[in-house]
Each structure stands twice: as structure tokens, then as C-alpha cells.
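Below is one structure, written out as C-alpha cells, with a few remarks after it.
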Amino acid sequence: MDETATHRFSAQAKRSLQQRLLGWFASEARDLPWRNTRDLYSIWVSEIMLQQTQVATVIAYYERFLARFPHVCALAEADEHEVLRLWEGLGYYRRARQMHAAAQRVRSHHGGQFPTTFEEVLALPGIGRYTAGAILSIGRDERLPILEANTVRVLSRLTAYRGDPLSRQGQKFLWQTAEELLPEQHSGHFNQALMELGAMLCTPRSPSCLLCPVNTLCLTRKAGLQNEIPQAKKPQQFEAVTEAALVLRRADGCVLLRRRKANERWAGMWDFPRFPLSAPPGSKRNRQLREETLRLTGQSITRTAPFATIKHGVTRFRITLEVMAATVSQPQSATLPTDTEFAWLQPEEMPARALSTTGRKIAQMLRMPVP
Ligand code: SF4
């Protein structure tokens, strides 16, 4: 078979595929909170939250978020910090900041009504072709295709596409296929059915072909190539890095937090002062800790003590976070850098702040009783 052979369905096969998928979705779809609404704003919130995040995780966040911001204007008027606090734990915080900016644009450019044309939706921050298509097909039954991780897999398998589905050629073919397969009506349900099939049956490993409603139309099943299609991604190369996070305490027990700047990872979130640690343990590391602390916070410290070690991953980085404790005997409020927000807080005050995931772990450790 040609590596990138591109299959087209006959009109009859297309009709059959549409009917079977729609019938299966009507009886088997999971009852998820965002499936009971046609409100574009609510669908948008769910779509953004579901990017890179499991359905089971999203449900509680979605319900909390909509309870606090039931309308796009409520989100537009909120303080960014509150939006981030509600998002805390979902990760990829850029999504939350972009949603906040998009809500403000909906308020200023569309009179507070979520736009209804593809171009207008696509122009909102953080919304690409997939999300715009999903919002408008699900909310308004617009005949717009979608392509995301699940549908890439399902469409690659249905058509036995053997090339790289993420290549330019692969994407072109799969978007075209997604568009061609769309029925004239019920496009929203059809798109959701494709995604549901990918999530529930046409899984990356060991797809449940026997239960699949479109198994007789699937070329990959016919060829027995479920393990080869879609083509595997290149394995991710991970990079190990070491960072330090400082628990800087004043004599009254308050600890210094720093708000991350717009150009930093987790922008807008509060965190313990943190920086890459390059020096090996010993006197060189102590010197680096003193110098970086002074640079980042304007505070002089003489000694640090290990507090905890946390291992975590961010994108391709595998981070070993050395949490160090230090006491600032003479806090220098005047020397705190003015281009950054700082706050001296008691550990009990930290739950109200939006913290990075590791920042939250450290904050919880600070509240644990000392054995
Ligand atoms: S038959 Fe199997 S491989 Fe083909 S779409 Fe269905 S679950 Fe996926």
C-alpha cells in the first residue's frame, strides 16, 4: 500500500457511516454536563478545559467555573487572579488567561454576546480552527469539521491513512475527510460522536473493534493494522533540570511569595521564589542560592537548609525542585524589586492565592504540624 494513500468514501458508505455513528451516539454517549446545553459560552469553556485534560478531571472544574462565571460578562469583569485560582490544578494556565482576554473582547466587540460566525469566533484569543468548529457545530449545528487527537486517530483508521497524521499532508487529508463525512444536519452530534468513538472504543491501544458501530466500513480493521495506524509519534525527548524554590521566612512566620511575570512559565500565578540551580551541592550551591535570592527578591540570606525535594514534569522538562528554607533576619521591604508583585503571607493565608502546582504542595507542607 502507498504510504500516504488517501481513501475516499462512496456516497453510500458515507451515509451508512453517518447513520451508524449518530445512532450509536444517541444511545451510548456519556452524559456529560456540557452536553446538556447549546449555550456557546458554556461549550467554549468546556472545549478549552478539555484541551490536554481528561474528561473526569474537567467535570468539577467546569461546574465550579460556570457557577462563579455563569455568563461571558461575569468572566470579563473578573480579576485575572480569581480566574487563575479557579483554574488552579488544570495546568496550561495560558488557556485561562486567554479565555479571560477573549471574554473581555466579547464584551467590548460583541456587546457581551458570544459571536456566532466562524471568523468572529476564530478571532478570539486562544481559539483555533478546531475550537471554533466545535463551538459552532455543537452549539448551532453549523456544518463545520473538527480535528483533534481522538478524531485524528478515528479518521486515520477509518481511511487506513498510513502517513504521519500530524504532517502538513496528513492534516490536509484528515481535515478534508472530516469535512466530507459531515452530514447536512446534526453536524454537532456527528462531531461529538467521532470524538466519543475515539475516547471510548477506538482507543490508542487495543481498540474495541467488535463493539464499534462502523467496524464494517473501517479499512484499518479490514487490513488488521490497528497497531500500525495511526503512525506513532516520535518519542518525546525529556530533559532533566534542577531548580530551587525558596521558603523565605520572616521572624513573625510570614513567608515571601512572588507573582510570576507575564513572560514567565505560569504567568500571573503566585509562587515561592524559584530559579534554575546549576551549582553542585556544597559551598558553590550556597553561594548561588544567596546570589539568586538577592537578585530575585532583594533579600539577603546567610544560610539555607533543605526543606523538601519535589519531582515534577513540565512539558519536556523533568524537574527536580530543591526546596530550601531560609530565615530573613532583617527583611528589606525597600529592596524588593519593583517590577514584580510580592506578598509576605502566613501559611494560613495561602489557600486564597492562585499557586503553581508545586507552590501549592509547598504551601500545604508549611501548614502541616511539625512532628
Ligand atoms: S473498527 Fe476498530 S479501528 Fe476501526 S474505527 Fe472502529 S474501533 Fe477504530
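Order of listing sets the numbers, starting from 1, for every ligand and every atom in it. In this chain, residues are counted from 1 in sequence order.
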Transitive ILVMFWY side-chain link Val328 to Phe275, under 4.5 Å:
yes
Ring centroid separation Phe9 to His7 under 6.0 Å
yes
When rounded to the nearest 0.5 angstrom, what distance separates CG in Leu296 from CG in Leu248?
9.5 Å
Less than 6.0 Å separating the ring centroids of Trp87 and Tyr61?
no
Atom 4 (Fe) of ligand 1 reached by Cys202 (N, O or S, under 2.8 Å)
no
Give the residue, atom name and distance (to 0.1 Å) of the protein heavy atom nearest atom 3 (S) of ligand 1.
Arg157 CD, 3.6 Å
List every atom of ligand 1 that sits less than 4.0 Å from any heavy atom of Asn215, numbering the atoms from 1 in the order shown and giving each element.
1 (S)
Identify, for atom 6 (Fe) of ligand 1, the protein heavy atom at the shortest distance, and state residue, atom and that distance.
Cys212 SG, 2.4 Å
shortest atom 4 (Fe) of ligand 1-to-protein heavy-atom contact is with Cys218 SG, 2.4 Å
Quick one: look up the protein heavy atom nearest atom 2 (Fe) of ligand 1 and list residue, atom name and how far away it is.
Cys209 SG, 2.3 Å
State, to 0.1 Å, how close Pro306 and Met324 come at their nearest heavy-atom pair, and which atoms those are.
N-CE, 3.9 Å
